**Student:** 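Have a look at this one.
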Amino acid sequence: MAYNFKEIEKKWQEYWEQNKTFNASNDFSKEKWFGLIEFPYPSGQGLHVGHPRSYTALDVIARKRRMQGYNVLYPIGFDAFGLPAENFAIKNHIHPKITTERNVANFTRQLKSLGFSFDWDREINTTNPDYYKWTQWIFVQLFKHGLAYKTTMPINFCTGCKVGLANEEVVNGVCERCGSPVVQKEKSQWMLKITKYAQRLIDDLDDINFLNKIKAQQINWIGKSEGAEVKFNLTSSNKTLTVYTTRPDTLFGATYMVIAPEHPIIKELQNSITNIDELEEYKKQASLKSEFERSELNKEKTGVEIKGIKAINPVNGKEIPIWISDYVLITYGTGAIMAVPAHDTRDYEFAKKFGLEIIPVLDGGDISSEAFTGDGIHINSEFLNGLNKQDAIDKMISWLEEKQIGAKKVNYKLRDWVFSRQRYWGEPIPMIYCEDCGWVPVPEEQLPLTLPEIEDYEPSENGESPLSKQTDWINTTCPHCGKPAKRETDTMPQWAGSSWYYLRYTDPHNDKELASKEALEYWTPVDWYNGGMEHTTLHLLYSRFWHKFLYDIGVVPTPEPYSKRTSHGMILGSNGEKMSKSKGNVVNPDDIVNEFGADTLRVYEMFMGPFDQTAAWSMESIRGCAKFLDRVWNLQDFLVDGDTYSKDFEKTMHKAIKKVTEDIEEMKFNTCISTFMSMVNEFYKVKRINKAEFSTFIQLLNLFAPHITEELWQVALGHNTTITYEKWPEYDESKTIDDEINIPVQVNGKLRANVLIPLDAEEDVVKNIVHSNEIVNRNIDGKNIVKEIYVKNKIYNIVVR
RNA sequence: GCAGGUGUGGCGGAACUGGCAGACGCACAUGACUCAAAAUCAUGCGGGAAACCAUGUGGGUUCGAGUCCCACCACCUGCACCA
């Protein structure tokens, strides 16, 4: 009887669906486990073979948890707002809703064909008004708590998508999505104050189980630095210029200042500045450069000196020049620096180029060739002389604080989150502008504020949202004073809906709250969240921020959304390159399922390599996995009643249970599969397997290959209920240990023989066995034994001379 | 430049707290079955005639190093004029 995967897989998929086998229970008295994968964006291309890698991994864990008796929530949904559907609409004049529905249907078919144990009754979709009602509701809460504000600022503007982007979406100066150059543009934007949570986003990482590389990347991105702010007085003005520095100890070496071209003080002092035209011209040139050009040009520093005004170094009263240069960023610190060319590489370069004074204030290094950035003893620094770096920093800070010209200051690289998009296919920002009352949120009882149906999806040339043309929709009345008012026309970024979706899974049909208190109390936090590294500084950080906010206002019961976060490696094409249509190396999961079946695909994706590392697709290897499942199928021919084949055989089983039980927790799925393969090889050797062994084996394999094992369980073994909730096999530790073991014998560290010894044998017993071994004796004959080392149950080493 | 990671047969990869390097799979070879092929089953498979040599390179610690330490090299990922 051949293994007919097509028939068998279809049969059990229908069975599971009818029986709602994988639905989470609402019995909150049981211990729960909430596993989460990143819900997909339903693209027109359908499922990528990368998706099932992550989904299978957590499916394996979810299935194991069910067998371990947990109430398991393993949900699925669609993150369906986004640009591709909108761009498709612009081209083909098909409403994004239609394409989204079509794509969701296709994804659903594909996901179901792979036998994931999702609870489909909890499916969510971010574009559903019942869902985005709550996305909007959260935004309104953010606004009410002062965490959402509108401001005009230079933003990253994608010249291709004609849309503003968050810092996180700009990669190498180009748009993460379309690859067009990104330029700076002044625009009025909704912003979210993620910076207010910067410190907590760092600190609370200590309490959660994220992979270290994920923590490191988030900490790096938030970019905390400690230093001081120092006020500099100016000549011919009573204004001051404040700088941020991490090296206040080098203040005596500050020989000039540099401010960002966009620094507002230029305008404030325009009457005192004699070369304002020259400065304006420099600023203009700088703003025309895209981020990409700026970093390309970062080898050669440029700048212009501000004429007619100088700064006064507060520690020694020296007048020092002020320059503008684009190597100082308006977005970081105060947009102004004190330049210490002797001890800062960038300042050194700039000073050399423009012939500015360089005064060393730390001993060591050679100022004539490069900046000295190391530690040393302070010189030329009056009251700091003789101190090392840290002592000098401390002393200077207290001096500055005492004189009230400076203070300790912590800075972050993290910027507030640019939250507006000038696009149609997103959640409308539920805000109304009233001439008298300013920005007023749409009243909560009027949510959701639904997207109007429109015909023209093109953003306007000046970069306004397509909604800006919908005058009927825009014109409304102020909820506060009742006067005519206008709606916000920008929509939310794609990251909005995904920032809280895991909460909705706990209670997806609730129309009173985003989820009930009881459901949140029971299900959250997510126990295990797996996703891509590319979301570490985007989605993962954003959702931690939203969650913390919701915690602060009492909506969720925990300060962190996810107790554990792991990540999967990417799947590359067979040529080792990223899969792409243009390279022609795309593998369609549908084809694999057709040719080999879902179980084979799942097993292969778990076997192809370490889960967290990238792996290249191989059509040859996948055949090996198909062959393995064929061999599993044929095991039923060896099925016998009666006892195990031998004691050793029994041990093999217990060792395998132990290995699989442990490896799954560490996501070492590849070694689980190799354990299964070894087991099958053992069964084939003796051509015999009893029912207990077969059941155990099938149960372990079920996590990876649910269809074939359900068939073997119910048909070959004759059970009439699903294998899903069978108790997870246990192993007997004592049966994983051999009574007799083979240990290597080395002479001078070189392997010479193997001897069989009783487990835990005493050293003198082993010594006797070793010394009665012919090969060993041949190797030590006529030599002096200097030393003998026995490591219990491991190795015996004889050192001779 | 900063942070994180990787480097083991022809290939993907195993190897617990230092203890038989190469599990498992692919490819390949041989045999059985077959008129034949495929499939299947079985056996072999790092290099070398051997002594031995082999885990990116060079040192070190140790009875013993893929694993620990030092110095490098190569590649990947993220960030990058962050004061």
Side-chain angles (χ1 to χ4, degrees), chain A residues 2 167-168 171-172 211-221 223-225 227 243-247 250 257-258 260 291 294-295 297-299 301 325-329 331-340 343-347 349-350 411-415 533-534 536-537 569-570 603-604 607-610 612-625 627-628 630-631 634 659 662 668 670-681 684-685 687 742-754 786-800:
Chain A
N167 281 352
E168 290 81 353
V171 177
N172 287 329
L211 288 183
N212 279 334
K213 60 176 172 181
I214 297 173
K215 288 187 181 181
Q217 223 177 91
Q218 289 205 340
I219 290 169
N220 212 31
W221 182 262
K224 181 180 181 173
S225 81
V243 303
Y244 173 71
T245 177
T246 53
R247 295 293 305 274
T250 60
M257 295 181 85
V258 188
E291 286 275 332
R294 275 207 196 192
S295 56
L297 295 169
N298 75 20
K299 276 152 204 120
K301 299 250 182 306
S325 172
D326 61 6
Y327 85 87
V328 174
L329 310 171
T331 49
Y332 185 75
T334 61
I337 63 157
M338 62 177 213
V340 185
H343 304 292
D344 181 282
T345 328
R346 296 149 305 180
D347 297 344
E349 235 179 88
F350 193 81
N411 249 314
Y412 302 92
K413 287 189 222 172
L414 186 69
R415 304 266 62 88
M533 276 309 283
E534 70 275 17
T536 304
T537 55
M570 240 195 329
V603 167
Y604 171 61
F607 184 60
M608 64 196 301
D612 60 340
Q613 278 167 43
T614 52
W617 190 266
S618 159
M619 274 304 180
E620 285 75 45
S621 279
I622 199 168
R623 265 182 212 110
C625 293
K627 187 170 137 183
F628 161 67
D630 276 334
R631 280 163 72 83
N634 291 329
K659 176 135 183 78
E662 291 172 354
K668 289 160 79 175
N670 52 336
T671 52
C672 288
I673 306 286
S674 68
T675 301
F676 296 144
M677 288 171 169
S678 294
M679 287 169 91
V680 171
N681 291 345
Y684 269 67
K685 254 180 216 146
K687 295 201 173 0
N742 235 316
I743 64 158
V745 181
Q746 296 185 337
V747 177
N748 284 350
K750 289 203 156 62
L751 176 70
R752 294 303 176 196
N754 272 292
V786 181
K787 200 173 176 184
E788 293 182 52
I789 299 133
Y790 172 58
V791 183
K792 204 171 188 182
N793 299 329
K794 290 279 188 206
I795 200 163
Y796 198 95
N797 194 5
I798 304 171
V799 186
V800 297

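Residue numbers begin at 1 in each chain, while the letters A, B, ... track the order of the sequences. These values consider heavy atoms only, across backbone and side chains, with no hydrogens, waters or symmetry-generated copies. Bear in mind the structure is a predicted one, so any value in this text is a computation, not a measurement.
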**Student:** Does A:Phe350 have any ring pair (Phe, Tyr, Trp, His ring centres under 6.0 Å) partners at least two apart in sequence or in another chain, and if so, which?
**Tutor:** A:Tyr256, A:Trp323, A:Tyr327, A:Phe354
**Student:** In chain order, what residues pass the side chain to side chain donor-acceptor pair (under 3.5 Å) check against A:Arg623, with sequence neighbours excluded?
**Tutor:** none
**Student:** Closest nucleotide of RNA chain B for A:Ile673 versus for A:Ile337: which of these residues is on the 5' side?
**Tutor:** A:Ile673
**Student:** Could you write out RNA chain B as dot-bracket? Rules: Watson-Crick or G-U wobble, both distances under 3.5 Å, brackets [ ] for crossings, | for pairs with another strand, dot for unpaired.
**Tutor:** (((((((..(((......[....))).(((((.......))))).((....))..(((((..]....))))))))))))....
**Student:** Please state how far atom CE in A:Met679 lies from atom P in B:G25, giving the value in whole angstrom units.
**Tutor:**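 For the pair A:Met679 CE and B:G25 P, the rounded distance is 14 Å.
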**Student:** Using the P atom as the reference point in each nucleotide, state the distance between B:G5 and B:G10 in Å, no decimals.
**Tutor:**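 These two P atoms come out 29 Å apart once rounded.
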**Student:** Say you pick atom C1' in B:G7 and the same atom in B:G66; how far apart are they, in whole Å?
**Tutor:**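 My reading of the C1' atoms in B:G7 and B:G66 gives 11 Å.
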**Student:** Excluding sequence neighbours, so at least two apart, what forms side chain to side chain donor-acceptor pair (under 3.5 Å) with A:Thr331?
**Tutor:** none
**Student:** Work out how far the P atom of B:C76 is from that of B:A32, and round it to whole angstrom.
**Tutor:** 49 Å
**Student:** With sequence neighbours left out, what residues match A:Lys792 under side chain to side chain donor-acceptor pair (under 3.5 Å)?
**Tutor:** none
**Student:** Compare the minimum distances between each of B:C41, B:G19, B:C24 and the side chain of A:Arg631, then state the nucleotide with the smallest one.
**Tutor:**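 The answer is B:C41, which lies nearest to the side chain.
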**Student:** Ring pair (Phe, Tyr, Trp, His ring centres under 6.0 Å) with A:Phe628: which residues, sequence neighbours excluded?
**Tutor:** none
**Student:** I need the NZ-C1' distance between A:Lys301 and B:C81, as an integer number of Å.
**Tutor:**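 It is 5 Å, rounded to the nearest whole Å.
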**Student:** Give the rounded distance in Å between these two atoms: CZ of A:Phe676 and C1' of B:A23.
**Tutor:** 15 Å
**Student:** Heavy atoms under 4.0 Å, any strand shown: does A:Ser618 hit a base, just sugar-phosphate, or nothing?
**Tutor:** nothing
**Student:** When we call it a touch if two heavy atoms are under 4.0 Å apart, what does A:Gly624 touch: a base, just sugar-phosphate, or nothing?
**Tutor:**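 Sugar-phosphate only.
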**Student:** Where do N or O atoms of nucleotides 61-67 of chain B meet protein N or O atoms at under 3.5 Å, pair by pair?
**Tutor:**
unit_1	atom_1	unit_2	atom_2	d
B:C63	OP1	A:Lys787	NZ	3.3
B:C63	O2'	A:Asn797	ND2	3.2
B:C63	O2	A:Asn797	ND2	2.5

**Student:** Could you give the CG-to-P distance, from A:Asp326 to B:A83, as a whole number of Å?
**Tutor:**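 Going from A:Asp326 (CG) to B:A83 (P), I get 17 Å.
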**Student:** How long is the line joining NZ of A:Lys627 and C1' of B:G25, in whole Å?
**Tutor:**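 So the NZ-C1' distance, A:Lys627 to B:G25, works out to 9 Å.
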**Student:** For B:A15 and B:A21, measure between their C1' atoms and round to the nearest Å.
**Tutor:** 7 Å
**Student:** Mind telling me if B:G47 is syn or anti? Syn here is a glycosidic angle within 90° of 0.
**Tutor:** anti
**Student:** Are the side chains of A:Met533 and A:Ile214 in touch, meaning some heavy atoms are under 4.5 Å apart?
**Tutor:**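 Contact flag for A:Met533/A:Ile214 side chains = yes.
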**Student:** Taking any heavy-atom pair under 4.0 Å as a contact, classify A:Asp347: base, sugar-phosphate, or nothing.
**Tutor:**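 No contact at all - A:Asp347 keeps every heavy atom at 4.0 Å or more from the nucleic acid.
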**Student:** Who are the side chain to side chain donor-acceptor pair (under 3.5 Å) partners of A:Lys215, not counting sequence neighbours?
**Tutor:** none
**Student:** Heavy atoms only: give me the nearest A:Gly227-A:Tyr244 pair and the separation to one decimal.
**Tutor:**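 Answer, listing the atom of A:Gly227 first, then A:Tyr244: N-OH, 3.3 Å.
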**Student:** Sticking with atom C1', work out how far B:G18 lies from B:G25, rounded to a whole angstrom.
**Tutor:**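 Pairwise C1' distance, B:G18 against B:G25, rounds to 28 Å.
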**Student:** What are the two closest heavy atoms between A:Phe607 and A:Cys625, and how far apart are they?
**Tutor:** CD2-SG, 4.0 Å
**Student:** Indicate the atoms forming the closest heavy-atom contact of A:Ala260 with A:Leu329, along with that distance.
**Tutor:**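 Scanning both residues, the minimum pair turns out to be CB-C, 4.0 Å.
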**Student:** Quick check for you: among B:C20, B:G25, B:A83, whose closest atom lies nearest to any side-chain atom of A:Asn742?
**Tutor:**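 Output: B:C20.
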**Student:** Taking the side chain from A:Gln218 and the backbone from A:Thr536, do they hold a donor-acceptor pair closer than 3.5 Å?
**Tutor:**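 Yes; judged by distance alone, with no hydrogens or angles, the pair exists.
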**Student:** Between protein and nucleotides 3-15 of chain B, map the contacts as a letter string: B base, S sugar-phosphate only, - none, heavy atoms under 4.0 Å, written 5' to 3'.
**Tutor:** -S-S-----BSSS
**Student:** How would you list, by chain and number, every residue that makes a side chain to side chain contact (heavy atoms under 4.5 Å, CB included) with A:Ser678, sequence neighbours excluded?
**Tutor:**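 A:Ser678 satisfies side chain to side chain contact (heavy atoms under 4.5 Å, CB included) with no residue once adjacent residues are dropped.
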**Student:** Whole angstroms only, please: what is the CD-P distance between A:Glu620 and B:G25?
**Tutor:** 17 Å
**Student:** Taking atom P in both B:G9 and B:A14, compute the distance separating them and give it to the nearest angstrom.
**Tutor:**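 Rounded to whole Å, the distance is 13 Å.
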**Student:** What is the separation between atom CZ on A:Arg623 and atom P on B:G25, rounded to the nearest whole Å?
**Tutor:**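 That distance rounds to 17 Å.
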**Student:** To the side chain of A:Tyr684, which of B:C24, B:A83, B:A42 is closest?
**Tutor:** B:A42
**Student:** Under the criterion side-chain contact (heavy atoms from CB on, under 4.5 Å), I'd like the reasoning laid out for A:Asp347 against A:Ile337: C-alpha separation, chi angles, the key distance, then a yes or no.
**Tutor:** CA-CA 10 Å; A:Asp347 297 344; A:Ile337 63 157; 3.5 Å; yes
**Student:** What is the separation between atom CG on A:Asn634 and atom P on B:A39, rounded to the nearest whole Å?
**Tutor:**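 Going from A:Asn634 (CG) to B:A39 (P), I get 15 Å.
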**Student:** Under 3.5 Å, sequence neighbours excluded: what are the donor-acceptor pairs made by side chains of residues 744-753 of chain A?
**Tutor:**
unit_1	atom_1	unit_2	atom_2	d
A:Asn748	OD1	A:Val800	N	2.9
A:Asn748	ND2	A:Val800	O	3.4
A:Arg752	NE	A:Asn779	OD1	3.4

**Student:** What interatomic distance, in whole Å, is found between C1' of B:C33 and the corresponding atom of B:A38?
**Tutor:** 12 Å
**Student:** Does the A:Tyr604 side chain pair with the main chain of A:Gly624, one donor and one acceptor, at a distance under 3.5 Å?
**Tutor:**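 Absent.
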**Student:** Just call it for A:Ser225: base, sugar-phosphate, or nothing, with non-hydrogen atoms closer than 4.0 Å on any strand.
**Tutor:**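 Here A:Ser225 touches the backbone only, sparing every base.
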**Student:** Looking only at heavy atoms, which two atoms of A:Ser225 and A:Tyr332 are closest? And how far apart?
**Tutor:** OG-OH, 3.0 Å
**Student:** Does A:Thr537 have a side-chain nitrogen or oxygen under 4.0 Å from the phosphate oxygens OP1 or OP2 of B:C79?
**Tutor:**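 Checking B:C79 against A:Thr537, no side-chain N or O comes under 4.0 Å of OP1 or OP2.
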**Student:** Within the 4.0 Å limit for protein heavy atoms, which parts of nucleotides 48-56 of chain B are touched? Write it as a string from 5' to 3', B for base, S for sugar-phosphate only, - for none.
**Tutor:** ----SS---
**Student:** Establish, with yes or no, whether the OP1 or OP2 oxygen of B:C16 is under 4.0 angstrom from a side-chain nitrogen or oxygen of A:Lys794.
**Tutor:** no
**Student:** Using the P atom as the reference point in each nucleotide, state the distance between B:G44 and B:G58 in Å, no decimals.
**Tutor:** 34 Å
**Student:** If you check the A:Tyr327 side chain, which of B:C24, B:C81, B:C41 turns out closest?
**Tutor:** B:C81
**Student:** Would you tell me if any nitrogen or oxygen in the side chain of A:Tyr332 comes within less than 4.0 Å of OP1 or OP2 on B:A83?
**Tutor:** yes
**Student:** Is there a side-chain contact (heavy atoms from CB on, under 4.5 Å) between A:Ile622 and A:Trp617 once you walk through the steps?
**Tutor:** CA-CA 9 Å; A:Ile622 199 168; A:Trp617 190 266; 3.8 Å; yes
